[in-house]
Amino acid sequence: MDLGRLFSNPEQLFAMGGLGLLALVMFGALALFICALVSILCSPLGFGMTIVWIGITFAAPFLGPVAWFLIGRGDAYRRREAY
C-alpha cells in the first residue's frame, strides 16, 4: 500500500481514524467488563449476591459493570463494615 496515496485521500484517513476510535472504545468496554468481574469475585459479598451481580454484568455488558462500580461495590463494602 502506498502511504502517499493513503494520506492524500481524506476519506480513507477519516475511516481509519474511526476504526481506531471504535477499537479503542471496544477495548475499554472489554477492560471495564473484566475489571468488574474480578472486583465482584473479590468482593465480600455472599454467594447469592455475587451470582446476581455476575448475572447483571453478563446481561448488560456495559451498563452492568458501570452499575457495579457506581452502586454495588460501595454497598458491598458498607455491608461488610456493618457486620
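Side-chain atoms are counted along with the backbone in the values below, which use heavy atoms only and exclude waters and symmetry mates.
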> Using a side-chain heavy atom cutoff under 4.5 Å and only I, L, V, M, F, W and Y, what cluster partners does L22 have?
Replying inline: M26
>> Strictly by ring-ring contact (aromatic ring centres under 6.0 Å, His included), give each pair with a member in residues 16-51 just once, sequence neighbours left out.
In response: F33-F58
Which donor-acceptor pairs under 3.5 Å do the side chains of residues 38-45 make with protein atoms, sequence neighbours left out?
residue: S39; atom: OG; partner: W68; partner atom: NE1; Å: 3.0
residue: S43; atom: OG; partner: I40; partner atom: O; Å: 2.8

>> Would you compute the distance between atom OG1 of T50 and atom CG of L37 and round it to the nearest 0.5 angstrom?
In response: 11.5 Å
>> What's the separation between atom CD1 in I56 and atom CD1 in I51, rounded to the nearest 0.5 Å?
In response: 11.5 Å
> Among all residues two or more places apart in sequence or in another chain, which pass the side-chain hydrogen bond (donor to acceptor under 3.5 Å, both in side chains) test with W53?
Replying inline: none
>> Check for me, please, whether F69 and V25 land in the same ILVMFWY cluster - side-chain distances under 4.5 Å, paths through other members count.
In response: no
> If you take all heavy atoms of A36 and P65, which pair is closest and at what distance?
Replying inline: CB-CB, 3.5 Å
> When rounded to the nearest 0.5 angstrom, what distance separates CG in L19 from CG in L24?
Replying inline: 12.5 Å
